[in-house]
*Asks:* 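What follows is a single structure, and I will ask about it in a moment.
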Amino acid sequence: MFVLFLVLFFTGQLDMEGALTARDRVGIQDFVLLDETTEAAFLTNLRKRFCNDLIYTYVGTLLVSVNPYKELDIFNKKQMELYMGVNFFELPPHIYALADNAYHTMLTEFNNHFILISGESGAGKTEASKKILQYYAVSCPSTTLLNTVRDKMLKSNPVLEAFGNAKTLKNDNSSRFGKYMDIEFDSEGDAVGGHILNYLLEKSRVVHQNHGERNFHIFYQLVEGGEDSLVQQLGLERDCQHYNYLTQGQCAIVSSINDKNDWKTVRNALQVINNIYSVQHLFEIIASVLHLGNIRFDSDSKGHALLNNKAELRWLLGVDAYTLQEGLTYRKIEANKDEVLSPFTIDHAIYARDALAKAIYGQTFTWLVNRINESMENKDPSKKTVIGLLDIYGFEVFYVNSFEQFCINYCNEKLQQLFIQLTLKAEQEEYEAEDIEWEPVQFFNNKIICDLIEEKHRGIISILDEECLRPGEATDLTFLERLEDKMGNHPHFVTHKLADKTTRKTLERGDFRLLHYAGEVTYCVVGFLDKNNDLLYRNIKDLMCQSKNAIVRECFSTMDPDSRRRPETVVTQFKSSLLKLTEILMAKEAWYIRCLKSNESKQPGQFDEALIRHQVKYLGLMEHLRVRRAGFAYRRKYEVFLKRYKPLCPATWPHWRGVPADGVEVLVQHLGYLPNEYKMGRTKIFIRHPRTLYATEDAYERCKHELGEFIKGYMTRGQAKSTDNSEYLAFVRQSYLNRLKGNLPKNVLDKTTWLSPPAVLTETSEILRKLHYRLMVRKYVRGLTPQKKAQLQQKLVTSSMFRDKKDSYPQSVSQPFVDTRINEQDINIRVIQMIRNEHIKYSVPVIKYDRNGFKPRPRQFILTQTAAYMIEEAKIKQRVLYTSLKGISVSNLTDGMIILHITCEDPKQKGDLVIQCDHLFEFLTKLSVIAKKQNAVNVVKGSIKFEFQPGKEGSVDFSTGQEPMVYKANNGHLMVVRWVLKKRLFMF
């Protein structure tokens, strides 16, 4: 206890309050405790921590994470163990602390939670999500089912990254889709299932990449890393420059990305699909997209599109080449029940080709997510709790912002709205639960921007859909004109036409600008209508439904090609998905991780203040801080507060015997807290100003120096007893004996849990240990029944023959032996009559292998006082006197094969017996005891020779494999293949 006291009182810098003493040097661990809640103070604190490699800081229970762009030794298993089951503010801020507290709160309150991870591309969202999954994989209880779920959750990451991530200007591994993953837990805290929802895959990237950007990783991984036979089978060249869809960004090969190694990782992770044929079809689809992108068009004399390289068609998805050619160069129009082919121009043909490539890839990505979900599905209908992980694209502002950025930033507006709602709700609920008066908070409500985008009939989404669906020549520019008519006076909307002279200079004629909560973003309307329509001609859909590729056929068959109803637009689908996501999140308890980029060049040690200020603004961190600081900056459970600060008051030191709340009241009165500086809730103390806490912590720091008497005793504890250390040594003795009393070993086999004694009690501890084990042995022996004693004696024989020799021995130790495996009434009466004078001791079913041909035959094997009998129904097939049993051989593997070597006096006598028994250890133990043949049992590696008849040898060969089997090999030997028993490890 005293050592614990020293840890708590003299290394208190680890916890939140203790770190306040170093606030001037390394900043404050919780922004809520800043003296000033200004942006400048916020950034200064963030810089201090970043410069000391402290990348995590709290805003209450929100975690701010700054990407250091270098490896830090804070993500190992030792760090994970440090944070397991620890109070949120007890250790320095860390992603493990947030993950652990979400998990334990879920278990305690049996409710659902989610962790929202946000930030712009390159800020570390995907890595944060991985860290949380890895933490749960290590910290949660371990079962076979859990290991399977863990394995599939972790393997889903590289698969989804390969198919859904790409290199952008800001990030080499940018998620180009949103992902929400539910991890399902049972009441014991075991992860028993998972489910992924995906949002708005950036399909346009399949056919077009901006300069300095790449297509999705999987294309490059397949071309660069795919096995030679696979690449050849798919008709691919091992050169990314060969493919139109991979070279538009002019950076197909990137030094910081190892596509060959990543291919191996993805290849292994695709086991999550559980179907080798589906994986092959998946590769065929990826290759088909590349071939499709290489299809080029010329025009005939009438300006109609013609294919100029039909060779690519043979690799496309197992569909009829002629029909596909027709689908890419003609549109099928139905008129008065007739079908008319309308030829495409080159531009239309390119559109049809690219639309097909996007549709194939988008549908395949959805199929892949569904297969992963099936592999993680929890079949148990009993109630579960979940922790959701939302890793979704952050606010995006590029040099040119298009339809994708509009959707992504709309998503961030909705999440910001949800974030403020849930934060205010959580604060209000805590105040109400603690019976503290709630004080209204002033904050920017971004509802005005959300309405501008999504309001029915009047918002940007409605106008975009109207332009996409209306007859006539709708274009991107007519869409812009409609926006100007409808939104002309909106304070958060401006175009070149609507702007003043100064602003007009910063806008092109095809642009519109939105003033988001995070700042201004200018969008170029070019491509908005096409991307929102995302149309695929019906004749091409019909053709895909006939594909020989099972995945393509399944995907396009579910698109209802016969429906004449126009499909929902992309933005409407996305809006509906966001609404459902919002409903999911509103029903859960929220935790937040805000990821920040420290600089644009991804260099370690660089803190770009302007860049970080922008991110702090658009992530709403100052709003969150103001909400948290609106009333009281600091709140703690009474027990926690009293445990730390009790030395500051004589009435509470060293122990407060009453109710913790009363002790805290006495303590703060002694410290001179003014009535307006704190409030007493039902379970917590609320402190209004950080300066009050600073003063308390500084007083505590001074108090520690007054505890020299105890320190001196601790420092001289290894010396001879003296006045300096006698009190401390007495405390050590009492503490050790009290701990030992509550932690004594419970059984005689436990030789490791005896508490290590302090030096002063080494001799005493050894005497007590011996006395305790003698007492346990005496109790154990006295409690043995005759049956238990017989079991132990048999097990001792088994151990002497097989321990450390046969692989399956450890699993047999806990399995009790029975008197017999075949009841006497199940043995043929004629057999009973023939051997009744010998007294049956034990019988067991076996498989006997013929000496010639090794045909397996079921038999009964009976042990009597004098001989062993091989029985087939009413016949005694062989009698083996124990005196003629010269040896017994088994392999060192996990099989149940037994060879009984028999002395044959007569050449006509039957030779050695080859049998298989499911109860090998029990059978051979009984046989060795009855026949007194303990020393005749041999455990052999490799092969065992035996005699068919005197002078005629056979052989049994043993090996390991993935499936157990027994068969006659080509060399005439009996081949026994067994699986290897391995301890399953879960590693990262």
Side-chain angles (χ1 to χ4, degrees), residues 178 199-204 355 358 362 392-393 395-396 401-418 421 445-499 507-518 520-536 563-584 586:
Y199 299 94
L200 195 69
L201 178 72
E202 189 185 34
K203 292 187 294 185
S204 60
K358 290 187 292 182
I392 204 154
Y393 13 62
F395 202 79
E396 288 193 346
N401 301 289
S402 186
F403 177 76
E404 291 82 10
Q405 282 68 50
F406 172 76
C407 291
I408 286 169
N409 294 341
Y410 163 50
C411 173
N412 277 269
E413 285 287 356
K414 292 297 290 180
L415 290 177
Q416 172 67 8
Q417 189 179 39
L418 177 71
Q421 286 175 358
N445 189 341
N446 70 333
K447 183 177 184 297
I448 186 174
I449 306 171
C450 293
D451 289 346
L452 169 66
I453 296 171
E454 68 180 8
E455 191 174 7
K456 272 191 175 183
H457 310 302
R458 299 176 58 185
I460 294 173
I461 289 175
S462 289
I463 295 170
L464 176 58
D465 280 355
E466 286 171 12
E467 281 300 289
C468 287
L469 301 175
R470 77 175 174 86
E473 289 297 318
T475 67
D476 295 321
L477 289 179
T478 62
F479 162 58
L480 183 60
E481 290 169 3
R482 291 285 310 283
L483 287 181
E484 289 170 337
D485 291 343
K486 292 275 189 177
M487 313 290 179
N489 298 320
H490 200 288
H492 290 264
F493 176 87
V494 69
T495 66
H496 184 277
K497 177 181 174 181
L498 300 174
L507 286 164
E508 299 292 334
R509 293 187 184 277
D511 292 348
F512 68 91
R513 180 175 294 163
L514 296 184
L515 179 56
H516 288 280
Y517 78 91
E520 294 179 345
V521 182
T522 302
Y523 299 98
C524 174
V525 296
V526 176
F528 261 60
L529 265 63
D530 278 348
K531 290 175 180 178
N532 189 39
N533 273 322
D534 196 26
L535 291 177
L536 186 65
S563 173
R564 296 296 183 265
R565 186 170 58 86
R566 188 183 179 106
E568 281 190 330
T569 62
V570 171
V571 74
T572 295
Q573 291 178 49
F574 186 57
K575 179 182 174 183
S576 300
S577 297
L578 272 184
L579 180 61
K580 290 176 184 174
L581 177 63
T582 303
E583 290 171 355
I584 290 171
M586 286 293 284

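Heavy atoms only: backbone and side chains are in, while hydrogens, waters and symmetry mates are out. For this chain, numbers begin at 1 and follow the sequence in order. Predicted, not measured: the structure shown is a model, and the values here were computed from it.
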*Asks:* How far does OG of S576 sit from CG of L581, to the nearest 0.5 angstrom?
*Replies:* 12.5 Å
*Asks:* Could you tell me whether the side chain of L578 reaches within less than 4.5 Å of the side chain of L415, counting heavy atoms only?
*Replies:*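 No, every pair of side-chain atoms sits at 4.5 Å or beyond.
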*Asks:* Checking D451 side chain against I448 main chain: does a donor-acceptor pair fall under 3.5 Å?
*Replies:*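 Not confirmed, D451 side chain does not pair with I448 backbone.
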*Asks:* Nearest 0.5 Å, what's the NZ-OG distance between K531 and S402?
*Replies:* 3.0 Å
*Asks:* May I ask you to test the I460-Y410 pair for a side-chain heavy-atom distance under 4.5 Å?
*Replies:* no
*Asks:* For E520, check side chain to side chain contact (heavy atoms under 4.5 Å, CB included) against everything at least two apart and list the hits.
*Replies:*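 For E520, the residues satisfying side chain to side chain contact (heavy atoms under 4.5 Å, CB included) (neighbours in sequence not counted) are R513, L515.
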*Asks:* Taking the side chain as everything from C-beta on, heavy atoms only, tell me whether Q421 gets closer than 4.5 Å to M586.
*Replies:*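 SC-SC contact between Q421 and M586 confirmed.
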*Asks:* Using the ring of each side chain (for Trp, its six-membered ring), is F406 parallel, tilted or perpendicular to F528, with breaks at 30° and 60°?
*Replies:* tilted
*Asks:* State whether a side-chain donor-acceptor pair under 3.5 Å links E455 with S462.
*Replies:* no
*Asks:* Side-chain donor-acceptor pair under 3.5 Å between T572 and D465, yes or no?
*Replies:* yes
*Asks:* Could you check whether E466 pairs with R482 (Lys NZ or Arg NE/NH1/NH2 to Asp/Glu carboxylate O, under 4.0 Å)?
*Replies:*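 Looking at R482 together with E466, the answer is yes, because their closest N to O distance falls below 4.0 Å.
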*Asks:* Would T582 and K414 count as having a side-chain donor-acceptor pair, cut-off 3.5 Å?
*Replies:* no
*Asks:* Atom OG1 in T475, atom CG in L480: separation rounded to 0.5 Å?
*Replies:* 9.0 Å
*Asks:* Any side-chain donor paired with an acceptor under 3.5 Å for Y517 and E413?
*Replies:*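 No donor-acceptor contact under 3.5 Å links the two side chains.
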*Asks:* Can you tell me which residue pairs pass the side-chain hydrogen bond (donor to acceptor under 3.5 Å, both in side chains) test with a partner in residues 486-496, sequence neighbours excluded?
*Replies:* E484-T495
*Asks:* Could you tell me if the side chain of C524 sits less than 4.5 Å from the side chain of F512, heavy atoms only?
*Replies:*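 F512 vs C524: side chains apart.
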*Asks:* So, D476 side chain and L529 main chain: donor-acceptor pair closer than 3.5 Å or not?
*Replies:*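 At least one qualifying donor-acceptor pair exists.
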*Asks:* If you count the non-hydrogen atoms of other residues, nucleotides and ligands that lie under 6.0 Å from CZ in R470, is the total more than 12?
*Replies:*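 Above 12, so yes.
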*Asks:* Checking N532 side chain against T569 main chain: does a donor-acceptor pair fall under 3.5 Å?
*Replies:*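 Such a contact is absent between N532 side chain and T569 backbone.
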*Asks:* What distance do L200 atom CG and I408 atom CD1 have between them, rounded to the nearest 0.5 Å?
*Replies:* 6.5 Å
*Asks:* Between CD1 of I453 and CG of L514, what distance do you get to the nearest 0.5 Å?
*Replies:*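 Interatomic distance, I453 CD1 to L514 CG, rounded to 0.5 Å: 6.0 Å.
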*Asks:* Using only atom types and a distance under 3.5 Å, with no angle test, would you say the side chain of D511 pairs donor to acceptor with the backbone of L507?
*Replies:*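 No; judged by distance alone, with no hydrogens or angles, the pair does not exist.
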*Asks:* In plain terms, say whether E481 and K497 are close enough for a salt bridge, that is, a side-chain N and a carboxylate O under 4.0 Å apart.
*Replies:* no
*Asks:* Heavy atoms only: give me the nearest H516-V521 pair and the separation to one decimal.
*Replies:*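 Taking H516 first and V521 second, the nearest heavy atoms are CD2-CG2, 3.7 Å.
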*Asks:* Is there a donor in the side chain of Q573 and an acceptor in the side chain of E568, or the other way round, less than 3.5 Å apart?
*Replies:*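 E568 and Q573 do not have a side-chain donor-acceptor pair below 3.5 Å.
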